[in-house]
Amino acid sequence: MTSTPLEADLIAAARRGDREATDRLLRLHQPMIWAICRRIVGDDHTAADAAQEAMISVVKHVGRFDGRSSVRTWIYRVATNAALDELRRRRRRPDPVADEVIASRSGVTSGGANVVDDRLLIDEALAQLSPEFRAAVVLRDLADLDYAEISDVLGLPPGTVRSRIARGRRALADHLGNAQGNPEPTVRRPTDGSPAEPPLP
Amino acid sequence: MSDQPTPRDAVDDVPSLDPALRERVRTALRDVPPQDPERAQASLDAALEGLSHHQRPRRAWLVVAAAGIVGVLGVAVLGGRQNSGSDTDLDMVATPMTVDGSSSASPPAADEARLAESALTSETILDEFRLSIIGAAPIEQAQCPITAEERSYGLRRWDSRDVELLVDVSAGLLRLVDATTCEVLIVAPLTP
C-alpha cells in the first residue's frame, strides 16, 4: 500500500509543522483510527482514550515518519499500539467506567435483524480472542492491510500473521454461527490430514 | 470502507472459511459503532493542541529554568508551605493553568520561582496536563483516593509511568498521582 499524493503532501507539510495539514491528515484517518481502536479494545470508552492517544502520538512523532511504509500503514501502526497499550493499562488497573459499559452492553437486546445481531455478537466474539489475535484480524479485515504490512505493524513473521488471522477468523465465524444456533460447521476442515491447530489463547 | 473483498484477497488471503461466513465476519468487523462526534472533535483538538506546544519557542523555558537552578531548594520548601493547608501531600507546584488547560498568559512575578521549578521538572508536564483536560471528560469514580470536590480525568501515560489526573475546579487545583501507588507527583494551581 503506497501513500496517496494527498497523504504524501499532507504529511510533508505536517512534518514542517503546518497545523492545517496536520488537522487534515488527522481528519482523513480519524475514522479508521477510531475503528481500529474500537475493534481492538472492545468498548467505546476505552477506544476513545486509545484513539486520542494515537492521534496525539501521530502529532508528536510525525517528524520521525521516514517514508519506509505508507502514511496509512504508519498511522494504523500507531493506532494499533495505542489500543494494545490502553488494554495493558486497563488490565493493570481496571477502569470502573469501562467495566460498566461492557457490563451494560451484555444486556442489550437486538432488533432481530442479522446485521444488528452481528454487531453485538462481533464484540463478544472479539473479546474471546487475545488482543494480539484481534489486532491481526482487525488490520486485515477492517483496515485492509496486506500480510507484509501487518507483519511490519505487529513485528511478527508473515507466517505467524497468517496463522493468527486464519485462527482468529475461524473463532469469530464459529461464535457468530453458534450464537444463532447454526448447527452447520462454520469452517472448512482440513482434508489433507494436517494436524488440528492448538486452541486459541 | 468497502464490504467487498479487495483484489489482494484473491492472491494472499487465508482460505480458511466458507466464503459466505468469511464475508459475514468481514461485514460485522467493519460495522463499527461511530464515535461520539464531540469526543472525536475533542481528541482532534487535543492532538493539535499538542502540536502547538511542541512548536512553541523553548528559549523562554531555558531562561526560566536557568534562573530557577539557584533557588530551587528554597522554592521546594516554599511550595510545600504554600500548600500546607490542603489535605494532600503536595510535593511540587507546576505552572498555573486555566481550567480549559491553557497556561496563564503572564504568571505573577511571585510565581516566577515556582514556574522555574516546574520548568525543571519537565516541559512535558504542560503538554500532558493540558491534553488530558481538554480531551477527556471527567469520570466520577477515581482509582486513587480523591476529595469530595475532585473529579478524575482518567489514566494517562506520563514520564514512563501510569498516572491519574485529578481536578478540583472549586479549589483550583490539579493533582497528578501515580496510578499504582497513588503517590502525589505534581500539584498545579488552576487559574480561574
Side-chain angles (χ1 to χ4, degrees), chain A residues 14 17 19 22-23 26-27 30-32 34-35 38-39 44-45 47-49 51-60 62 85 89-90 92-93 95-97 114-115 118-119 121-122 125-126 137-138 140-142 144 146-148 162-163 165-167 169-170 172-173 176-177 185-188, chain B residues 1-2 6 8-9 11-18 20-22 24-36 39-55 124 127-128 131-132 134-137 139-144 152 154-157 162 164 179-180:
Chain A
R19 186 186 174 98
T22 309
D23 183 304
L26 288 177
R27 286 186 191 281
Q30 190 173 23
M32 186 55 82
W34 162 255
R38 175 63 179 77
R39 280 296 179 231
D44 290 354
H45 177 74
D49 283 352
Q52 176 172 315
E53 292 299 328
M55 289 198 291
I56 289 170
S57 191
V58 166
V59 171
K60 276 186 176 174
V62 69
D85 284 349
R89 210 169 296 160
R90 304 275 169 171
R92 282 200 297 273
R93 292 192 64 81
D95 182 339
V97 175
N114 245 6
V115 66
D118 283 357
R119 179 183 287 185
L121 290 171
I122 198 73
L126 284 167
V137 175
V138 164
R140 180 72 193 103
D141 282 344
L142 175 66
D144 258 345
D146 62 31
Y147 289 103
R162 292 178 70 91
S163 165
I165 290 172
R167 293 165 64 193
R169 277 185 190 149
R170 185 173 301 176
L172 295 180
L176 293 183
T186 55
V187 296
R188 290 172 176 169
Chain B
M1 276 178 278
S2 166
T6 64
R8 266 203 315 265
D9 289 333
V11 293
D12 72 354
D13 216 345
V14 181
S16 58
L17 286 181
D18 173 86
L21 265 169
R22 162 91 173 73
R24 193 172 153 207
V25 168
R26 180 197 288 263
T27 302
L29 274 170
R30 293 175 176 222
D31 186 21
V32 181
Q35 186 176 17
D36 169 57
R39 179 67 203 270
Q41 184 62 47
S43 293
L44 192 65
D45 291 343
L48 291 171
E49 181 72 10
L51 177 68
S52 53
H53 295 322
H54 301 143
Q55 292 178 323
T124 60
D127 292 340
E128 300 301 329
L131 295 173
S132 296
I134 292 175
I139 57 177
E140 293 299 319
Q141 194 172 349
Q143 297 295 316
C144 291
S152 171
L155 303 179
R156 287 289 179 274
R157 192 78 179 161
D162 292 328
E164 183 168 18
T180 307

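A note on names: the letters A, B, ... follow the listed sequences, proteins ahead of strands, and every chain is numbered from 1.
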With a 4.0 Å cut-off, would you call D49(A) and R39(B) a salt bridge?
yes

Search all heavy atoms of [X] against all heavy atoms of [Y] and return the closest pair with its distance.
{"X": "R26(B)", "Y": "D141(A)", "value": "CG-O, 3.9 Å"}
{"X": "D31(B)", "Y": "R39(A)", "value": "O-NH2, 3.0 Å"}
{"X": "A47(B)", "Y": "L26(A)", "value": "CB-CD1, 3.9 Å"}
{"X": "S43(B)", "Y": "A48(A)", "value": "OG-O, 4.2 Å"}
{"X": "V25(B)", "Y": "I122(A)", "value": "O-CD1, 4.4 Å"}

Roughly how far, to the nearest 0.5 Å, is the CG atom of L44(B) from the CE atom of M55(A)?
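Atom-to-atom, M55(A):CE and L44(B):CG are 5.5 Å apart.
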
Is there side-chain contact between R22(B) and R169(A), with at least one heavy-atom pair below 4.5 Å?
yes

For the residue pair M32(A) and V32(B), establish whether any side-chain heavy-atom pair is separated by less than 4.5 Å.
no

Is a donor on one side and an acceptor on the other found under 3.5 Å between the side chain of R24(B) and the backbone of A173(A)?
no

Using a 3.5 Å distance criterion without hydrogens, assess whether the side chain of Q30(A) forms a donor-acceptor pair with backbone atoms of A40(B).
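Yes, the answer is positive, given that a donor and an acceptor are paired below the 3.5 Å cut-off.
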
